[in-house]
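Written below as structure tokens is the structure these notes are about.
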There are 2 protein chains.
Amino acid sequence: MARRTKAEAAATREALLDAAEEVFLEKGVARTSLEQIARHAGMTRGAVYWHFKNKADLFQAMLCRVRMPFQELIAEIAEPSLMERPLEAIRLAIQNGFERLEQPRHRRVHAILVHHCEVFGDIDPLAMQNEMANEACGALTDHFTCAARLGQLREDLSPENAAELMQALLGGLFHDWLRNHERFSIATKGSELVALQLELMRRP
Amino acid sequence: MARRTKAEAAATREALLDAAEEVFLEKGVARTSLEQIARHAGMTRGAVYWHFKNKADLFQAMLCRVRMPFQELIAEIAEPSLMERPLEAIRLAIQNGFERLEQPRHRRVHAILVHHCEVFGDIDPLAMQNEMANEACGALTDHFTCAARLGQLREDLSPENAAELMQALLGGLFHDWLRNHERFSIATKGSELVALQLELMRRP
DNA sequence: CTTGTGACATACAGGAATGAATGTAAATCT
DNA sequence: AGATTTACATTCATTCCTGTATGTCACAAG
């Protein structure tokens with residue numbers, strides 16, 4: 001067609017990213033062509049190559065819309081009363097993250113990252129997942145250490161082991177839920193299981 | 001070259017599958033061509049198309065070499081003394097599975113399935129993972145129910161919740177370890193954490 | 001010994017995807 | 001209003017991979 005206004009151009013850019021999410025999730029990243037993405041957004045490949053350098057660039061732009069640093073989750077629930085109840089702080093932070101995960105955009109992009117893309121140009125999904133896991137495990141260790149100092153952790157459970165158990169549990173729930181999110185809600189069922197696990201870890 | 005004896009032909013078939021494992025793991029399934037696999041095995045594409053119908057067929061043959069039904073793991077440790085200690089049976093079965101996972105072939109194929117392939121022809125890795133997860137969860141539920149009947153489970157922990165917690169833990173450990181198996185041994189560290197979790201679940 | 005077939009290698013045709021080049025009409029600038 | 005740039009659409013050349021067809025040579029049967 002013809003030139004659009006700046007706002008319209010930004011809209012088509014978003015539309016292309018939306019289309020990429022949907023097609024990537026349906027057919028996998030490697031097996032979708034830029035043509036398919038463009039058609040699904042009602043555009044042609046020209047639009048894609050205008051807004052993005054190539055497929056990897058588009059992919060990265062898609063990821064940028066859902067960045068969710070784990071520390072931020074804990075920082076968001078900065079109620080002073082929780083300083084003395086670190087286990088409760090952990091629970092709330094995780095529930096916070098789970099609820100954010102259930103937003104369709106976050107769910108789709110994470111499902112793509114975890115299940116529908118392989119190694120990809122200079123983007124290595126495994127490295128990204130490792131980063132996230134390490135960050136989460138570090139934050140968990142901090143708070144479990146705090147809990148141990150306050151005597152709220154079982155004596156036979158070291159803070160490091162507690163953090164590793166919880167991180168593995170989170171990862172498992174995350175993967176299970178991403179595989180088919182229709183089976184259960186991670187915000188309710190997942191939070192429930194996390195709370196239960198925290199009860200198992202709490203000093204009686 | 002020329003015709004080999006039957007044993008040599010079977011050997012080249014295995015060599016092709018080995019090569020497929022290595023290249024798939026390194027570059028991802030979608031981004032490796034049959035040419036690359038053949039060259040990596042010191043053959044040409046002709047050999048591949050002789051032994052396998054196409055890429056999907058080769059992929060499936062690769063999977064067939066590592067089938068590991070979860071029930072089999074529990075059946076293998078069929079010591080009668082364990083009938084009365086279901087938690088110990090679970091622990092041993094999981095340790096058994098973890099040790100088998102550390103065989104290079106099993107580790108590579110599972111890493112490929114989980115992290116390096118997308119949807120693929122008539123093979124859906126997610127469906128396979130779902131099957132495995134359901135099977136594992138079912139077996140776990142059975143044994144945790146048995147443990148509950150014997151009064152070996154904490155009263156505030158239902159067998160279903162116990163099974164789901166354990167399955168999520170297993171999945172998380174599995175994924176974490178597959179991402180980089182050099183960081184820790186799942187047979188030792190993983191089994192340790194599983195044993196610890198079972199302690200948390202045991203009635204005091 | 002020769003003959004057939006098994007186990008590959010090589011050659012060829014076709015499609016599909018990429019990236020660049022070019023076209024174009026409207027929006028914005030001056 | 002004219003010039004320029006923006007935001008795309010269209011076309012084209014190139015590469016890559018697949019699948020098939022054909023060639024080839026060694027082993028085993030007769």
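Quick caveat: nothing in here was measured; it's all calculated off a predicted structure. Numbered from 1 within each chain, the chains take letters A, B, ... in sequence-line order.
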* Nearest-Å distance for atom pair CZ/C1', residues Arg39(A) and dT10(D) -> 11 Å
* **Trp50(A) CH2 to dA26(C) C1', straight-line distance once rounded to whole Å** => 14 Å
* From Lys53(A) atom NZ to Gln60(A) atom CD, the distance as rounded to the nearest 0.5 Å -> 10.5 Å
* **Thr12(B) vs dA7(C): side-chain N/O to OP1/OP2 distance below 4.0 Å** => no
* Taking the six-membered ring for Trp and the full ring for Phe, Tyr or His, determine whether the centres of His110(A) and Phe174(A) are under 6.0 Å apart. => yes
* Asked: When the distance from NE2 of His51(A) to C1' of dA7(D) is rounded to whole Å, what number comes out?
  -> 7 Å
* Asked: In terms of side-chain heavy atoms, does Gln95(A) have a donor or acceptor partner in Arg91(A) at a distance below 3.5 Å?
  -> yes
* **Integer-rounded Å distance: dT5(C) C1' and Lys6(B) NZ** => 12 Å
* Asked: Atom CG of Leu16(B) to atom P of dA7(C): distance rounded to whole Å?
  -> 13 Å
* Is the closest side-chain donor-acceptor distance between Thr141(B) and Glu160(B) under 3.5 Å? -> no
* To the nearest 0.5 angstrom, please state how far the CZ atom of Phe52(B) sits from the CE atom of Met62(B). => 10.5 Å
* To do: Can you check each nucleotide of nucleotides 12-19 of chain D against protein heavy atoms at under 4.0 Å and return B for base, S for sugar-phosphate only, - for none, in 5' to 3' order?
  => -----SBB
* Structure fact -> With Leu34(B) as partner, the option from Val48(B), Thr44(B), Leu16(B) fulfilling side-chain contact (heavy atoms from CB on, under 4.5 Å) is Val48(B)
* Nearest-angstrom distance from the residue atom CD1 of Ile37(A) to C1' of dT18(C) -> 13 Å
